[in-house]
Amino acid sequence: MKLSKAQIEILDAMKRGTVIHYMSGVYAYYFRNDTMKNCTKTAIVLENLGLVEKFNVFAGRYSLRLKK
């Protein structure tokens with residue numbers, strides 16, 4: 001499986017401890033906790049590929065981490 005540059009960069013950041021957070025609502029999005037930048041498209045692809053998993057699920061909000 002070939003990953004894009006953005007996907008590789010986020011996976012490397014997650015190995016160093018970065019967490020991806022999801023905020024629900026009308027304008028739902030994913031963002032990185034280290035840069036606070038939007039990474040919605042990349043996070044969705046990584047989740048669909050099964051490389052990350054949800055944790056801390058609460059009231060429509062959750063975080064993503066590397067799958068163990």
Side-chain angles (χ1 to χ4, degrees):
M1 142 181 39
K2 186 166 179 161
L3 300 175
S4 73
K5 185 178 177 181
Q7 293 164 348
I8 293 169
E9 195 269 322
I10 285 188
L11 288 174
D12 288 341
M14 292 178 82
K15 288 176 187 172
R16 294 188 308 269
T18 297
V19 177
I20 306 298
H21 297 286
Y22 174 76
M23 298 299 292
S24 63
V26 176
Y27 302 104
Y29 64 98
Y30 288 88
F31 69 94
R32 298 172 54 156
N33 73 337
D34 59 344
T35 62
M36 303 305 281
K37 291 186 177 180
N38 185 323
C39 62
T40 302
K41 290 180 183 179
T42 306
I44 290 170
V45 171
L46 293 175
E47 193 172 9
N48 289 340
L49 290 172
L51 298 174
V52 295
E53 64 184 358
K54 295 178 184 177
F55 76 104
N56 285 344
V57 179
F58 178 74
R61 296 181 182 159
Y62 59 85
S63 301
L64 297 176
R65 64 179 170 202
L66 291 175
K67 222 170 195 181
K68 295 180 181 181

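None of the values given here were measured: they were computed from a predicted structure. Residue numbers start at 1 and run along the sequence shown.
- Contacts classified as ring-ring contact (aromatic ring centres under 6.0 Å, His included) and involving residues 31-53 (residues at least two apart or in different chains) are given here: His21-Phe31, Tyr29-Phe31.
- Applying the side chain to side chain donor-acceptor pair (under 3.5 Å) test to pairs two or more places apart or on separate chains, those with a residue in residues 39-50 are Tyr30-Glu47, Asn38-Thr40.
- In this structure, Phe55 shares a hydrophobic cluster with Val19, the cluster being traced through Ile, Leu, Val, Met, Phe, Trp and Tyr side chains under 4.5 angstrom apart.
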Which pairs of donor and acceptor atoms, one on a side chain in residues 4-14, lie under 3.5 Å apart (sequence neighbours left out)?
unit_1, atom_1, unit_2, atom_2, d
Ser4, OG, Gln7, N, 3.2
Gln7, OE1, Ser4, N, 2.8
Glu9, OE1, Arg32, NH1, 2.8
Glu9, OE2, Arg32, NH1, 3.2

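- With sequence neighbours excluded, the residues that form a side-chain hydrogen bond (donor to acceptor under 3.5 Å, both in side chains) with Arg65 are Glu53.
- Judged as a salt bridge (charged side-chain N to carboxylate O under 4.0 Å, His left out), not a single pair has a partner in residues 20-30 (not counting sequence neighbours).
- For the pair Ala59 and Ser24, the tightest heavy-atom approach, listed with the atom from each and the gap, is O-OG, 4.3 Å.
- If you check the side chains of Thr18 and Asp34, you find a donor sitting under 3.5 Å from an acceptor.
- Using a 4.5 Å cut-off between side-chain heavy atoms of Ile, Leu, Val, Met, Phe, Trp and Tyr, with links allowed through other members, Met23 and Ile44 fall into different hydrophobic clusters.
- When each of Leu51, Asn56, Leu46, Val52 is checked for a side chain to side chain contact (heavy atoms under 4.5 Å, CB included) with Leu64, only Val52 meets the rule.
- Following chains of ILVMFWY side-chain contacts shorter than 4.5 Å, one cannot reach Met36 starting from Ile20, and the two form parts of different hydrophobic clusters.
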